[in-house]
Amino acid sequence: MPQTVITFYTRKRCPLCEKAKKLILELKEEWNFTLEEIDIDESDELTELYGIMIPVVHINGEEAAFGIINKIDISNRLQEKLQNF
């Protein structure tokens, strides 16, 4: 079974991002996935794409959530991905 990848788009000094990362790390204790964290400020393209949306969470390349991240929603999306394998 391929490894699930959560891509977390974030930036420094972002309180919502800090809360979201904490939730994702809590989920990592329950689910097997690789976490890839990307600072959007390092790319003009990503800043333009996600500037007002961050934090943004992708699961296997598909947008799963943005803004206020809900642990239950992400957990449900991870469950869906597992069922689709």
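In this text, all values refer to a predicted model and were calculated from it rather than measured experimentally. Counting from 1, the numbers follow the sequence of the chain as shown.
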Query - Heavy-atom pair of closest approach, residues F66 and M53 - result: CB-O, 3.6 Å

Pair up each side-chain donor or acceptor in residues 13-24 with any protein partner under 3.5 Å, not counting sequence neighbours, and list the distances.
unit_1 : atom_1 : unit_2 : atom_2 : d
K21    : NZ     : E37    : OE1    : 2.8

**Report entry** Gap between atom CD1 of I54 and atom OG1 of T47 - 0.5 Å precision
**Finding:** 8.5 Å

Report summary line: Distance col, row I74:CD1 vs Q79:CD, nearest 0.5 angstrom, shows 13.5 Å

Query raised in the report: Yes or no on side chain to side chain contact (heavy atoms under 4.5 Å, CB included) for V5 and I59, after CA distance, side-chain angles and deciding distance?
Result: CA-CA 6 Å; V5 177; I59 300 175; over 6 Å; no

Query raised in the report: Between NZ of K28 and CZ of F33, what distance do you get to the nearest 0.5 Å?
Result: 5.5 Å

Query - Approximate separation, where rounding is to 0.5 Å, of Y9 OH and I40 CD1 - result: 10.5 Å

Query raised in the report: Minimum heavy-atom separation for K12 to D39, with atom names?
Result: NZ-OD2, 3.0 Å

Query - 4.5 Å side-chain heavy-atom contact, E36 and H58 - result: no

**Report entry** Any residue meeting salt bridge (charged side-chain N to carboxylate O under 4.0 Å, His left out) with D41, in chain and number order, not counting sequence neighbours
**Finding:** R11

Query - CG-CG distance between L78 and N32, expressed to the nearest 0.5 angstrom - result: 10.5 Å

**Report entry** Side-chain heavy-atom pair F8, P55 within 4.5 angstrom cut-off
**Finding:** yes

Query raised in the report: Would a hydrophobic clustering, with Ile, Leu, Val, Met, Phe, Trp and Tyr connected at side-chain separations under 4.5 Å, put I6 with V56?
Result: no

Query - Enclosure of E48 CD (heavy-atom neighbours >12, cutoff 6.0 Å) - result: no

Report task. Please report the C-alpha distance between T7 and I38 in whole Å, then the side-chain angles of each, then the deciding distance to 0.1 Å, and finally whether the side chain to side chain contact (heavy atoms under 4.5 Å, CB included) criterion is met. Result -> CA-CA 7 Å; T7 306; I38 298 175; 3.7 Å; yes

**Report entry** Residues forming a side chain to side chain donor-acceptor pair (under 3.5 Å) with T10, sequence neighbours excluded
**Finding:** none

Query raised in the report: Rounded to the nearest 0.5 Å, how far apart are CG of L35 and CG of L25?
Result: 6.5 Å

